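Written below as structure tokens is the structure these notes are about.
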Amino acid sequence: MSVSVTLATMRRILGQLRHDHRTVGLIVGVPTVLMILLRYVFDDPALFDRVGPMLLGVFPFVIMFTVAGVGTLRERASGTLERLMTLPPGRLDLLLGYALAFGLVALVQVGVVLTISLTWLGLDLSGSVVMLVVAALLNALLGVALGLFASAFARTEFQAVQLLPAFVLPQALLCGLFVPRDRMAGWLEAISNALPLSYAVEAMQQVTRESGVTGTLVRDIVVIAGCAVLALGLGAATLRRRTP
């Protein structure tokens with residue numbers, strides 16, 4: 001691995017995003033607008049306090065999954081990724097550069113959404129704000145890692161967008177967002193236990209309900225981080241040197 005190559009890749013991606021104001025606006029603005037709509041659609045502070053934190057974990061995950069997947073496909077379609085793959089840098093160097101760049105964008109996204117949720121929208125938080133930021137940021141990084149991995153299965157940006165329902169919707173249905181996981185049929189709960197978004201939502205629930213750092217929260221954070229690292233490793237293993 002080469003730190004200089006990883007940082008150079010990160011700076012290149014950030015430079016591209018700096019000139020793409022619409023994409024940056026959508027990344028930061030969409031989850032913020034969705035949280036505002038959610039608050040006033042429910043129009044019930046107690047219900048918003050229960051559901052809002054779970055969506056704080058889901059929104060960054062979904063949006064960063066889409067941005068990372070489509071962004072990588074755009075690089076591949078333009079030939080940029082193929083040219084980079086002919087150079088000495090390893091696959092993992094390139095993916096880490098992408099992950100760091102999108103991770104910094106995710107940090108801005110999470111910071112804006114949390115600030116508005118905790119101030120203007122009045123989200124009541126029992127746990128630590130720092131742990132809430134850590135959990136939300138890890139969820140966004142998990143979305144980035146899975147998006148980079150999923151991009152290996154698409155040849156066009158249109159196909160990359162179509163991967164969203166395949167990779168994300170089953171997890172959203174089974175993560176406990178609509179029905180508590182312990183009330184699901186046994187086989188559905190077993191499947192949900194194997195999906196990373198289940199631990200992302202559970203971590204957000206732990207932060208908002210418990211005043212301290214619980215063992216469940218630590219386990220959830222370790223699982224989310226481990227899944228992100230695993231997805232990056234699989235993404236590096238499946239990264240093609242030539243575009244078919």
Side-chain angles (χ1 to χ4, degrees), residues 31 34-35 38 42 46-69 99 106 109-110 113-114 117 123 125-127 131-154 160-210 212-235 238:
L34 290 176
M35 287 301 292
L38 182 71
F42 286 151
L47 184 58
F48 180 68
D49 289 342
R50 183 171 63 84
V51 178
M54 290 190 286
L55 294 178
L56 280 174
V58 173
F59 287 160
F61 173 84
V62 174
I63 292 172
M64 295 313 296
F65 174 92
T66 307
V67 170
Q109 179 195 64
V110 167
V113 176
L114 287 182
S117 298
L123 179 67
L125 185 67
S126 299
M131 292 306 299
L132 185 67
V133 172
V134 170
L137 182 59
L138 281 176
N139 294 341
L141 289 175
L142 176 64
V144 170
L146 285 177
L148 293 174
F149 171 58
S151 68
F153 300 99
V161 173
Q162 289 179 312
L163 289 173
L164 182 68
F167 274 79
V168 174
L169 286 188
Q171 296 194 63
L173 289 174
L174 298 176
C175 69
L177 189 63
F178 301 103
V179 177
R181 293 196 295 137
D182 57 3
R183 295 184 189 174
M184 296 178 181
W187 63 278
L188 285 178
E189 185 178 359
I191 294 175
S192 74
N193 290 337
L195 301 176
L197 193 57
S198 301
Y199 298 92
V201 169
E202 187 176 59
M204 301 304 285
Q205 290 175 318
Q206 287 288 311
V207 172
T208 51
R209 291 177 182 171
E210 307 293 337
V213 178
T214 65
T216 302
L217 175 60
V218 173
R219 183 205 62 186
D220 291 340
I221 286 178
V222 170
V223 170
I224 297 167
C227 289
V229 172
L230 178 62
L232 280 178
L234 291 174
T238 56

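Everything numeric here is computed off the predicted structure, so don't read it as measured data.
Shown are N139, L55, L217; of these, the side-chain contact (heavy atoms from CB on, under 4.5 Å) with M204 is made only by N139.
S117 places no side-chain N or O within donor-acceptor distance of the main-chain N or O of L114, the cut-off being under 3.5 Å. Under the 3.5 Å distance criterion, the side-chain polar atoms of T66 are matched with a main-chain donor or acceptor of V62.
Using a 4.5 Å heavy-atom cutoff, the side chains of C227 and V223 are in contact. Side chains of F178 and M184 form no contact here, defined as non-hydrogen atoms less than 4.5 Å apart. In this structure the side chain of P31 reaches within 4.5 angstrom of the side chain of I63, judged on heavy atoms. Here the side chains of P53 and V207 are not in contact, with every heavy-atom distance at 4.5 Å or above.
Considering CD1 of I224 and CG of L141, their distance stands at 10.5 Å, rounded to 0.5 Å. In this structure, L56 CG and L34 CG are separated by 11.0 Å, a value rounded to the nearest 0.5 Å. In this structure, the separation between CZ on R50 and OG1 on T208 is 11.0 Å, given to the nearest 0.5 Å. Expressed to the nearest 0.5 Å, how far CD of Q171 lies from OH of Y199 amounts to 11.5 Å. Note that CZ of R181 is 12.5 Å distant from CD1 of I191, once rounded to the nearest 0.5 Å. For the atom pair CG of L197 and CG of L146, the computed distance is 9.5 Å after rounding to the nearest 0.5 Å.
Taking the six-membered ring where the residue is Trp, F167 and F149 present perpendicular rings, their angle passing 60° and hence far from 30°.
Between the side chains of T216 and Q206, no donor N or O sits under 3.5 Å from an acceptor N or O.
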